[in-house]
Amino acid sequence: MTIRTRFAPSPTGHVHIGNMRAAIFNWLYARHTGGEFLLRVEDTDRERSTPEAIKTLLEAMDWLGLNVDEAPLYQSTRMDAHLAAAERLLATGHAYKEDKGGTGQGECIIFKMPGTDIEFTDLVKGTLKKTAADMADFVIVRSNGTPVFHLANVLDDIEQKITHVIRGDDHVENTFRHIALYKALGAPVPEFAHLPMIINAQGKPYSKRDGDAFVGDFQSKGFFGDALFNYLALLGWSPGDEREVMTRQEMIDAFDLVTVRSSPAQMDSRKLLWMNGEYMRAMKPADFSALCRNELFAAGVKPGCSADAVFALMQERTKLPSEIVPATAFFFSDDFEYDQKAVEKKLAKPETFQTLEKIAGILQTLEAFDSETVNKALHDFVEQGGLKFGDVMPPLRIAVSGQQSGPDLAPVLAILGKETVLARIRGTIVRFNV
RNA sequence: GACCCCAUCGUUCAGCGGUUAGGACACUAGGUUUUCAUCCUGGUAACACGGGUUCGAUUCCCGUUGGGGUCACCA
């Protein structure tokens, strides 16, 4: 039997990471077992299900590399089937009509629970059971004639031949009802796996109202889909050894539902950032260069001919693409900003300017201006002058870049070139030595 | 409140009766011929509590506490 899993979001607004993590686990399980991963768009809430929301959803899945094996099923196209099933349930005595609560809204169709205890083995949580007394009958078709989630969800899972329902922890209570529905419908009951919730910094699960957990936000902040995927896969699951940064294939090979933890996990954005940096460093230099060029282009900065050398310096220290422009702008324009705090801190003493003056004098005499030559000159200067690197390098760095941190200084100077370096040092002296 | 679930460093993932309780992120000390957001080497830091079972419990059982989920004509 081919294993079939599905992701069944309702496209109301943006998808948050809790939902998307469920999609990732569904995808991983399908890929691991050689099965199929499907998408069902539960768009019956016409008010909130907009074409834009669906587009956003599809883009997010594409960004994360969650490819599906069949065309998506749109739940809104299935209403007739849902209603027909309700009629069947009525006919077989599994449901009844009632004006529930006597509201005068008319009669709705209510599913009759079997009156027996229900038990199932959840692939991640183990055996779960519920006694008959704790389960009440529930509405499956509203008095306005529209099907309710439980009915639609189960019928569509049957329609899509879903063998493993992998969803959030918040659905465990529904499962007992759904199992009763499957049985009443004469359909085979699938396996269930309920994933622990991902909680936010406040310890609460991410919800539709959680403003900063939309998948699209991570994309627009410059995170890589692969990095987010990797990070999210590790929330509640591990390959069983100490690997963390893994390829898709490694995750697919190692993934299993029984090794998923059953306690909630909190998202750590710092670790996500670290992981993004890992992916950044793993990029091919040419791809990283292209990324940099795009960033710079978008910011209206024109990278010069030495750009690739600059990017090579940046790759190992960049975690997010958004860091590129502010960190490299000084390479491509003499019109850069000085970090005010850095200036106040490191360019305060008069002797600092004397030092800069001397450095400029030394650099001017160099015939070659490559990284090694510059490096040696700087070191000799520090040693012979009995100075400290901490008194020399930071001011020099600020003088040529306006910043107090960055890549190795010697290669930075080499890339900038002698003329530029001398001009900037002297410009800095004139500007700040008051 | 009722029903259900969960409980190892600040966070995350290991550990599945006997371990100096491990890795990663974060933090921190030092190193990379005393610059630097990378890299390397160290360090701080956890089994919620109380009962059992056992020769022996982080690990098994029960309870307490704490956290979470669900109790809709939402999905």
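Basis for what follows: all heavy atoms, side chains included, without hydrogens, waters or symmetry-related copies.
- Nucleotides B:C47 and B:U58, compared at atom P, are 10 Å apart to the nearest Å.
- Comparing B:A37, B:A2, B:U35 by their nearest atom to the side chain of A:Asp134 picks out B:A2.
- Candidate nucleotides B:A37, B:C3, B:U11 were compared by shortest atom distance to the side chain of A:Gln403, and B:A37 ranks first.
- When distances are taken from the side chain of A:Gln266 to each of B:U12, B:U34, B:A75, the shortest belongs to B:U12.
- Nucleotides B:C16 and B:U59 have their C1' atoms positioned 6 Å apart, rounded to a whole Å.
- Residue A:Pro264 places its side chain closer to B:C6 than to any other of B:U38, B:C6, B:C73.
- Comparing atom distances between the A:Glu278 side chain and each of B:C6, B:C39, B:A75 picks out B:C39 as nearest.
- Within 6.0 Å of atom CD in A:Glu351, more than 12 heavy atoms from other residues, nucleotides or ligands are found, so the atom counts as buried in its surroundings.
- Distance CG (A:Leu313) to P (B:U35): 17 Å, rounded to an integer number of Å.
- In this structure, CD of A:Glu242 is placed 9 Å from C1' of B:C13, rounded to the nearest angstrom.
- Spacing between B:G15 and B:U35 at atom C1', rounded to whole Å, works out to 43 Å.
- Between A:Arg281 and B:C39, a side-chain N or O to OP1/OP2 separation shorter than 4.0 Å is present.
- Ranking B:C6, B:C73, B:U35 by closeness to the A:Leu409 side chain, first place goes to B:U35.
- Here B:U35 presents its C1' atom at 13 Å from CG of A:Leu356, a figure rounded to the nearest Å.
- Aromatic ring centres of A:Phe255 and A:Trp237: separated by under 6.0 Å.
- Checking B:U28 for Watson-Crick or G-U wobble geometry (two distances, each under 3.5 Å) identifies B:G42 as its partner.
- A:Leu128 comes within contact range of the sugar-phosphate backbone alone, with a heavy-atom separation under 4.0 Å but no base atom that close.
- Nucleic acid contact for A:Asp241: none, since no nucleic acid atom lies under 4.0 Å from a heavy atom of the residue.
- Relative to the side chain of A:Lys319, the nucleotides B:C3, B:C73, B:U38 differ in distance, and B:U38 lies closest.
- Comparing the C1' positions of B:G23 and B:C9 gives an interatomic distance of 12 Å, to the nearest angstrom.
- Across all strands, A:Asp380 comes closer than 4.0 Å to no nucleic acid atom at all (heavy-atom distances).
- Comparing B:U64 with B:C3, their P atoms are spaced 12 Å from each other, to the whole Å.
- Taking atom CZ of A:Arg261 as the reference point, atom C1' of B:A14 lies 9 Å away to the nearest angstrom.
- Comparing atom distances between the A:Glu244 side chain and each of B:C73, B:C39, B:A24 picks out B:A24 as nearest.
- Across all strands shown, B:C71 forms a Watson-Crick or G-U wobble pair with B:G1, both key distances being under 3.5 Å.
- With B:A14, B:A24, B:G10 as the candidates, the nucleotide lying closest to the side chain of A:Lys271 is B:A24.
- Without hydrogens or angle criteria, A:Thr77 side chain to A:Tyr74 main chain gives a donor-acceptor distance under 3.5 Å.
- Look at CD on A:Glu119: it is 11 Å from P on B:C5, rounded to the nearest Å.
- Sorted by first and then second residue, the side chain to side chain donor-acceptor pair (under 3.5 Å) pairs involving residues 381-397 of chain A (not counting sequence neighbours) form an empty list.
- Separation of the P atoms belonging to B:C27 and B:A37 is 11 Å when rounded to the nearest angstrom.
- Here B:G31 presents its C1' atom at 15 Å from CZ of A:Phe389, a figure rounded to the nearest Å.
- B:G18 and B:C13 have their P atoms separated by 23 Å, with the value rounded to a whole Å.
- In this entry the distance linking CD1 of A:Ile118 with P of B:C3 reads 18 Å, nearest Å.
- Among the candidates A:Phe25, A:Phe37, A:Trp27, the single residue satisfying the side-chain contact (heavy atoms from CB on, under 4.5 Å) test with A:Phe7 is A:Phe37.
- Among the heavy atoms of the strands, none lies under 4.0 Å from A:Ile110.
- Heavy atoms of A:Thr259 sit under 4.0 angstrom from primed sugar atoms or phosphate atoms, though from no base atom.
- Looking at the side chain of A:Lys130, the nearest of the listed nucleotides B:U12, B:C4, B:G10 is B:C4.
- Nucleic acid contact class of A:His379 (heavy atoms, under 4.0 Å, all strands): sugar-phosphate only.
- Nearest-nucleotide positions on RNA chain B place A:Ser262 closer to the 5' end than the other of A:Ser262 and A:Val141.
- Scanning all heavy atoms of the two residues, the minimum distance from A:Phe311 to A:Ser289 falls at CD1-OG, 3.5 Å.
- Taking the six-membered ring where the residue is Trp, the centroids of A:His171 and A:Phe149 are separated by under 6.0 Å.
- When the C1' atom of B:U35 is taken as reference, atom CZ of A:Phe381 falls 14 Å away, rounded to whole Å.
- Within 4.0 Å (heavy atoms only), A:Asp170 reaches sugar-phosphate atoms of the nucleic acid but no base atom.
- Across B:C62 and B:G68, the matching P atoms stand 23 Å from one another, rounded to whole Å.
- B:C49 is paired with B:G63 under the Watson-Crick or G-U wobble criterion, all donor-acceptor distances under 3.5 Å.
- Remark: A:Lys130 engages A:Glu173 in a salt bridge, criterion side-chain N to carboxylate O under 4.0 Å.
- If you check B:U34 for Watson-Crick or wobble pairing at under 3.5 angstrom, you find it has no partner at all.
- Residue A:Val139 is classed as a sugar-phosphate contact, given heavy-atom separations below 4.0 Å to backbone atoms only.
- Looking at heavy-atom distances under 4.0 Å, A:Gly236 makes contact with sugar-phosphate atoms alone, never a base.
- Side chain of A:Asn230 to main chain of A:Glu244: a donor-acceptor pair is present (N/O by atom type, distance under 3.5 Å, no hydrogens or angles).
- A donor-acceptor contact under 3.5 angstrom links the side-chain atoms of A:Ser405 to the base of B:A37.
- The nearest heavy atom of RNA chain B to A:Ala410 and to A:Lys125 marks one nucleotide each, and the one closer to the 5' end goes with A:Lys125.
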